[in-house]
Number of protein chains: 2
Amino acid sequence: MNEQKKSITMKDVAAEAGVSVGTVSRVINNEKGIKEVTLKKVQQAIEKLSYVPDEYARGLKTNRSNIIALLIPTIWHPFFSEFAYHVEKELLKNQCKLLICNADKDAQNEIEYIKLLEKNKVDGIIGITYSDIDKYISSNLPFVSIDRHFSENVYYVTSENYHGGQLACRELVKRGCQNLAYISGVNKHLNETTERGRGFKDEAKQQNTKLCSLEMPEPLDQAERQIKSFFEAHPQIDGIFTVNDFMALRVIKVLTEMGKTPLEDYQIIGFDGLRPAFDQPYLLSTIVQEIAQMAQAAVELLLKLIRKEKIEKNVISLPVHFFEGNTTKKL
Amino acid sequence: MNEQKKSITMKDVAAEAGVSVGTVSRVINNEKGIKEVTLKKVQQAIEKLSYVPDEYARGLKTNRSNIIALLIPTIWHPFFSEFAYHVEKELLKNQCKLLICNADKDAQNEIEYIKLLEKNKVDGIIGITYSDIDKYISSNLPFVSIDRHFSENVYYVTSENYHGGQLACRELVKRGCQNLAYISGVNKHLNETTERGRGFKDEAKQQNTKLCSLEMPEPLDQAERQIKSFFEAHPQIDGIFTVNDFMALRVIKVLTEMGKTPLEDYQIIGFDGLRPAFDQPYLLSTIVQEIAQMAQAAVELLLKLIRKEKIEKNVISLPVHFFEGNTTKKL
DNA sequence: CTGTTAGCGCTTTCAT
DNA sequence: ATGAAAGCGCTAACAG
């Protein structure tokens, strides 16, 4: 049945069908202008021998692998794994396959991987990176970045982070918060997440609401302790916005240990809209990023780049929305 | 700098170094028996031209891609993403790359993907699948299965599921539970997770402890409702073991809605040891699978298969342990 | 120890 | 509309 003895080649198919290899190739590639009968013959031969084209040989000629790489800090994180999930789905629709590359937040790893990928001739890269790797990306390798702005001529997809911050502020104020706090880690490489805090702070000013903030340089070793002293110094805080959902979880943990209860003592909004798995709920009240849409946009952009199609805008910014979970009051 | 004009080939390197392509090939492949000076010359030429071998051409000759595929229901799930994370790390050590294939729990997708993978000549597959795909795996494509037993001659890696069930029972009894419940979904395809329940039930009998169980056929549409009626019918239950962590979370949610509080009214132990991300804690008290070790074992097994090395045992079963979270009493 | 050379399986002109 | 043939860049067998 599925016992391909010694690997069937195009030559075998050609012989079986009584045509030349060129013709078989044309059939494989869906070229038009093939006589109905020849097409039939070839297709039957392919079927009969259960022939599958050799992708290496093909790649050698065409310089295309139909493989794209996703370069991320780690797949072991709901944001990245959800993103990867959607990217894979989208790619599959376009007969492409997905290579996963964990860089583990290490710039050197990112660079190593990029070299590896160039050698392996992936057709393109979608990268969520936190270091200055743009210099290492050879200009002939299509690259789409997520959430991070490189040099001017780089393509990227992001969320409306600034607006998300504004939104968070409005939702907290709407629910009666009067002493706001923004809590985040700060990566030494600037990235789009900074905009979340900027939006939040700007909106607080706009709304004339008191605000203080805790911005901890990464890596976050002593985060819990820092958070604790922050709240000891600012016991009046009743509305919190964090740079992402996991940070919110950490804050909740610390506040719980300090004897404070969400809803009763404070309200908190995260950012990302993480769900550990497809059928799992959001972790808390949060600003939700449209991860599926981001993935879709990134793939679309990358494929256009690969196919050298015209691209209207090299930056795509997607809307976010508020999800009312159980860490903010019901309205 | 990194401006590879028109793709440097081995021929260019050979010319630059003043040797033949054969010699360059030998250098690339780390063959020994090359004169020190020639080696130097070639390496310098490679450096100077920043030559990278073409993996297609190589694959065409050697029939090896150094790519392996991970076939899973979905990467968007902490178990699979943690597993994938470790697989990728392990593969990278062996200069292999990882292709992610989401089958979305659909047997047809799994089969389609396997066909695609054979065509694309991945060197092997690691599969966590829930359908009878063994028939579709051509015997010449190395395959390692996780948690699922196929035909006799298939290689697989699993955890000591039965023992994990026993462990859960002992830990609950040790903490004073007298009315146990086992709750799980049941896939129509038998898999290793069934052993968890078997171990739990056997141990309960051994310990002379009362037990009832709720086993819901998948897909789980009305799980919440079923769980609710189950607990209404069995209000005396004080110790629960679920087939996995997410099921435990669902149970907790239902019980919370019914006004019951963990620790006060019941204790519950999950299975898997899920953590949403590397630096996140376990979700609850649970039987932890050593996912990293499983990944390592799977990769090792697969690489041996690929290299046609001798394999001692075709089944590897890894130990599990209990993690005391906040859904069981402290001892 | 190194050079020469025949393909690997496919695509793609160029003929016909 | 189809066939013939030249490579793509590399490896490996053979020669020297």
Side-chain angles (χ1 to χ4, degrees), chain A residues 4-46 49-67 95 118-123 140, chain B residues 4-46 49-67 95 118-123 140:
Chain A
Q4 270 156 247
K5 279 269 84 102
K6 207 60 223 131
S7 199
I8 308 292
T9 81
M10 215 149 149
K11 221 151 81 182
D12 302 320
V13 177
E16 173 73 29
V19 298
S20 76
V21 290
T23 305
V24 178
S25 172
R26 284 171 198 121
V27 172
I28 298 292
N29 293 295
N30 292 314
E31 282 179 32
K32 42 185 166 185
I34 301 173
K35 232 198 300 183
E36 191 63 32
V37 273
T38 4
L39 187 64
K40 275 271 152 51
K41 277 194 298 184
V42 174
Q43 284 171 337
Q44 277 169 9
I46 289 174
L49 304 177
S50 61
Y51 161 75
V52 273
D54 182 316
E55 292 290 326
Y56 296 149
R58 221 169 190 184
L60 182 55
K61 286 299 282 190
T62 59
N63 264 312
R64 288 278 307 270
S65 59
N66 292 319
I67 295 178
Q95 9 277 0
E118 295 195 350
K119 173 163 82 179
N120 280 279
K121 302 250 185 79
V122 297
D123 292 349
N140 43 38
Chain B
Q4 274 156 243
K5 282 270 83 104
K6 207 60 222 131
S7 198
I8 308 291
T9 81
M10 215 148 140
K11 223 150 83 181
D12 302 318
V13 177
E16 173 72 29
V19 297
S20 76
V21 290
T23 305
V24 177
S25 172
R26 285 174 197 117
V27 172
I28 298 290
N29 293 295
N30 292 314
E31 282 180 33
K32 45 185 165 185
I34 300 172
K35 234 200 299 183
E36 192 61 31
V37 272
T38 3
L39 187 64
K40 275 268 153 56
K41 278 193 300 186
V42 174
Q43 284 172 337
Q44 277 169 9
I46 289 175
L49 304 176
S50 61
Y51 161 75
V52 272
D54 183 315
E55 292 290 326
Y56 296 149
R58 225 172 188 178
L60 183 54
K61 283 299 280 190
T62 60
N63 263 311
R64 287 278 307 269
S65 59
N66 292 320
I67 295 178
Q95 8 277 0
E118 295 195 350
K119 174 162 83 179
N120 280 279
K121 301 252 184 82
V122 296
D123 292 349
N140 43 39

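Basis for what follows: all heavy atoms, side chains included, without hydrogens, waters or symmetry-related copies. For clarity, every value in this text was computed on a predicted model and none was experimentally measured. Residue numbering restarts at 1 for every chain, and letters A, B, ... go by the order of the sequence lines.
- Note that CD of A:E118 is 13.0 Å distant from CD of B:E55, once rounded to the nearest 0.5 Å.
- Counting to the nearest Å, the P atom of C:dT11 and the CD atom of A:E55 are 9 Å from each other.
- Within residues 30-39 of chain B, the residues that place at least one heavy atom under 4.0 Å from DNA chain C are, in residue-number order, B:G33, B:I34, B:K35, B:T38.
- Contact between the side-chain N/O atoms of B:S20 and the OP1/OP2 oxygens of C:dT4 is not found at any separation under 4.0 Å.
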Grab the N/O contacts between the protein and nucleotides 14-16 of chain D below 3.5 Å, and write none if there aren't any.
none

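- Closest non-hydrogen pair, A:A14 versus A:S20, comes out as CB-C, 3.8 Å.
- Nearest heavy atom pair, residue B:I8 against residue B:Y51, reads O-CD1, 3.4 Å.
- The two residues A:L60 and B:A57 have their closest heavy-atom pair at CD1-CB, 3.6 Å.
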_Candidate pair B:V24 and B:M10, rule side-chain contact (heavy atoms from CB on, under 4.5 Å), full reasoning_ = CA-CA 7 Å; B:V24 177; B:M10 215 148 140; 3.5 Å; yes
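- We find that CG of B:D12 is positioned 13 Å from C1' of D:dC10, with the value rounded to whole Å.
- Atom-to-atom, OH of B:Y51 to P of D:dG9 comes out at 10 Å; the value is rounded to the nearest Å.
- Axis angle across the helix from C:dC1-D:dG16 to C:dT16-D:dA1, with five pairs used at each end and values rounded to 10°: 30°.
- Distance check: B:K41 NZ to B:Q44 CD gives 10.0 Å after rounding to the nearest 0.5 Å.
- Here D:dT11 presents its C1' atom at 14 Å from OH of A:Y56, a figure rounded to the nearest Å.
- Protein atom NZ of B:K41 is 14 Å distant from nucleotide atom P of C:dC1, rounded to whole Å.
- Annotation: proximity of residues 58-66 of chain A to DNA chain D (heavy atom, distance under 4.0 Å) is found for A:L60, A:K61, numbered in ascending order.
- Taking atom CE of residue A:M10 and atom C1' of nucleotide D:dA4, one finds them 13 Å apart after rounding to whole Å.
- Applying the side chain to side chain contact (heavy atoms under 4.5 Å, CB included) rule to B:K121 yields the partners A:D54, A:Y56, B:N63; only residues at least two apart in sequence or on another chain are considered.
- Note on A:T23: only backbone sugar-phosphate atoms sit closer than 4.0 angstrom, heavy atoms only; bases stay farther off.
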*Hey, mind stepping through A:E16 and A:L49 against side-chain contact (heavy atoms from CB on, under 4.5 Å) and telling me if it holds?*
CA-CA 9 Å; A:E16 173 73 29; A:L49 304 177; 4.0 Å; yes
Can I get a per-line list of side-chain donor-acceptor pairs under 3.5 Å for residues 26-35 of chain B, giving both atom names and the distance, sequence neighbours left out?
{"unit_1": "B:N29", "atom_1": "OD1", "unit_2": "B:R58", "atom_2": "NH2", "d": "3.0"}
{"unit_1": "B:N29", "atom_1": "ND2", "unit_2": "B:S25", "atom_2": "O", "d": "2.8"}
{"unit_1": "B:N29", "atom_1": "ND2", "unit_2": "B:S25", "atom_2": "OG", "d": "3.4"}

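- Atom CG in B:N29 sits roughly 9 Å away from atom C1' in D:dC10 (whole-Å rounding).
- Residue A:I8 contributes atom CD1, which lies 16 Å from atom C1' of C:dC8 at whole-angstrom precision.
- Nucleic acid contact class of B:V19 (heavy atoms, under 4.0 Å, all strands): sugar-phosphate only.
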